[in-house]
Amino acid sequence: MALINHRAREVHFKLVYFGPGLSGKTTNLQYIHGRLPADRRGRMISIATDHERTLFFDFLPIDLGEVNGFTTRFHLYTVPGQVYYRLSRRAVLTGADGLVFVADSHPARERANRDALDDLDAQLEALGLSAAHAARIPRVFQYNKRDLRAALPIERLRAMLNSGGAPEFEAVASEGRGVGETLKAGCKAVLARISGVSAQAGQAAAAGQATSA
């Protein structure tokens, strides 16, 4: 859920990186944070778990423009992928404006990808979101570890995970390949949805005024 800081004239959005354990979510955020200008990023906060870390930081995009005269600020989060951190994932997902699903291209992780996507839907439902509401949250898919010799075919990953035709990108996050493209698509998808909601609200208000007249 977007938050507005009227004093700073900023609108804040939350973009959550989701996916199975060790799929590359942390690697994505570390790469992004390391490449952003210091004056446009916040401090990276890390919460250690047994095998992964929950990371988050905020940044000011340079080339995505404004929303009704307000500067946009995005807060990026990862979630721990292990099954037993389900409640932690739910907490991080609260108020998400957009989702990036990082899939692991290793053949041995095929089931883990599917289970993680099912868990995402279950967590959104547990937060009280209807299926229709959850479907309106913008999603971007990243198929990571494409440098693996036996990487799962993109067509197979797409059929299993992205039947809705959301934006998708191949990536090797450890080398930075596909990381920036994924982030930019996620940010743009969030802004496009907000612009669409604002336009619908404006049309509804105009119709209400016309009816009153």
Side-chain angles (χ1 to χ4, degrees), residues 1-19 24-25 28-45 55-79 92-103 117 120-121 123-124 127 129-144 161-162 164-171 173 176-206:
M1 180 178 180
L3 298 175
I4 298 175
N5 184 332
H6 288 278
R7 179 174 295 181
R9 294 198 63 78
E10 291 180 348
V11 56
H12 294 237
F13 300 104
K14 183 177 184 179
L15 187 62
V16 177
Y17 280 64
F18 204 96
K25 304 178 296 297
N28 267 269
L29 261 67
Q30 289 175 328
Y31 184 88
I32 293 166
H33 190 268
R35 296 305 187 276
L36 286 168
D39 61 343
R40 301 191 71 87
R41 72 184 187 200
R43 184 167 64 95
M44 180 180 285
I45 307 298
L55 301 179
F56 58 92
F57 67 90
D58 63 288
F59 76 101
L60 294 166
I62 297 174
D63 55 354
L64 293 181
E66 298 181 341
V67 175
N68 296 328
F70 283 73
T71 300
T72 57
R73 181 181 290 272
F74 278 84
H75 297 254
L76 304 186
Y77 286 75
T78 65
V79 297
V92 174
L93 282 169
T94 301
D97 298 294
L99 300 166
V100 174
F101 189 92
V102 181
L117 187 61
L120 171 58
D121 293 334
Q123 297 305 325
L124 294 175
L127 289 172
L129 301 182
S130 66
H133 189 173
R136 288 196 292 270
I137 299 176
R139 298 188 185 193
V140 172
F141 287 83
Q142 181 190 93
Y143 307 128
N144 192 26
L161 303 172
N162 189 20
E168 57 184 16
F169 299 88
E170 297 184 48
R177 287 166 45 193
V179 173
E181 295 88 340
T182 302
L183 171 65
K184 191 168 186 177
C187 293
K188 284 187 171 182
V190 169
L191 294 178
R193 179 174 183 269
I194 294 299
S195 298
V197 170
S198 298
Q200 291 175 4
Q203 292 171 359

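Just so it is clear, the values below take in all heavy atoms, side chains as well, and ignore hydrogens, waters and symmetry mates.
Remark: K188 engages no residue in a salt bridge (charged side-chain N to carboxylate O under 4.0 Å, His left out) (not counting sequence neighbours). For R35, the salt bridge (charged side-chain N to carboxylate O under 4.0 Å, His left out) criterion is met by no residue, not counting sequence neighbours. Annotation: side-chain hydrogen bond (donor to acceptor under 3.5 Å, both in side chains) contacts of T78 (sequence neighbours excluded): none.
Atom-to-atom distance recorded for N68:CG and I4:CD1 is 8.5 Å, nearest 0.5 angstrom. In this structure, L161 CG and Q142 CD are separated by 12.5 Å, a value rounded to the nearest 0.5 Å. Rounding to the nearest 0.5 angstrom, the gap separating the CG atom in L60 from the CZ atom in R41 is 12.5 Å. Here the CZ-CG distance, from F59 to D39, works out to 13.5 Å after rounding to the nearest 0.5 Å. With rounding to the nearest 0.5 angstrom, the CE atom of M44 is 6.0 Å from the CD atom of Q30. To the nearest 0.5 angstrom, R40 atom CZ is 11.5 Å from D58 atom CG.
Remark: of the listed residues Y17, F101, F18, F101 is the sole one forming a ring pair (Phe, Tyr, Trp, His ring centres under 6.0 Å) with F141. Put simply, the residue from L120, V79, L76, V100 that forms a side-chain contact (heavy atoms from CB on, under 4.5 Å) with V16 is V79.
Counting heavy atoms from C-beta on, the side chains of F13 and P61 never come closer than 4.5 Å. Side-chain contact check for L93 versus L99: some heavy-atom pair is nearer than 4.5 Å. Residues L129 and I137 are in side-chain contact: their nearest non-hydrogen atoms beyond the backbone lie under 4.5 Å apart. Considering only heavy atoms from C-beta on, E10 stays 4.5 Å or farther from F70 through its side chain.
Contact detail for N28 and A173: the closest heavy-atom pair is ND2-CB, 3.7 Å. The minimum heavy-atom distance between H12 and H75, with the atom names listed, is ND1-NE2, 2.7 Å. Closest heavy-atom contact between P167 and R139: CD-O, 3.5 Å. Residues K14 and T94 share a closest heavy-atom pair of NZ-O, 2.7 Å. The nearest pair of heavy atoms linking G42 to F57 is O-CB, 4.1 Å. The two atoms that bring L29 and L55 nearest to each other are CD2-O, 3.8 Å, heavy atoms only.
One N or O on the side chain of R193 and one on the backbone of R136 form a donor-acceptor pair closer than 3.5 Å.
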>> Walk me through whether D97 and F74 qualify under side chain to side chain contact (heavy atoms under 4.5 Å, CB included).
In response: CA-CA 10 Å; D97 298 294; F74 278 84; over 6 Å; no
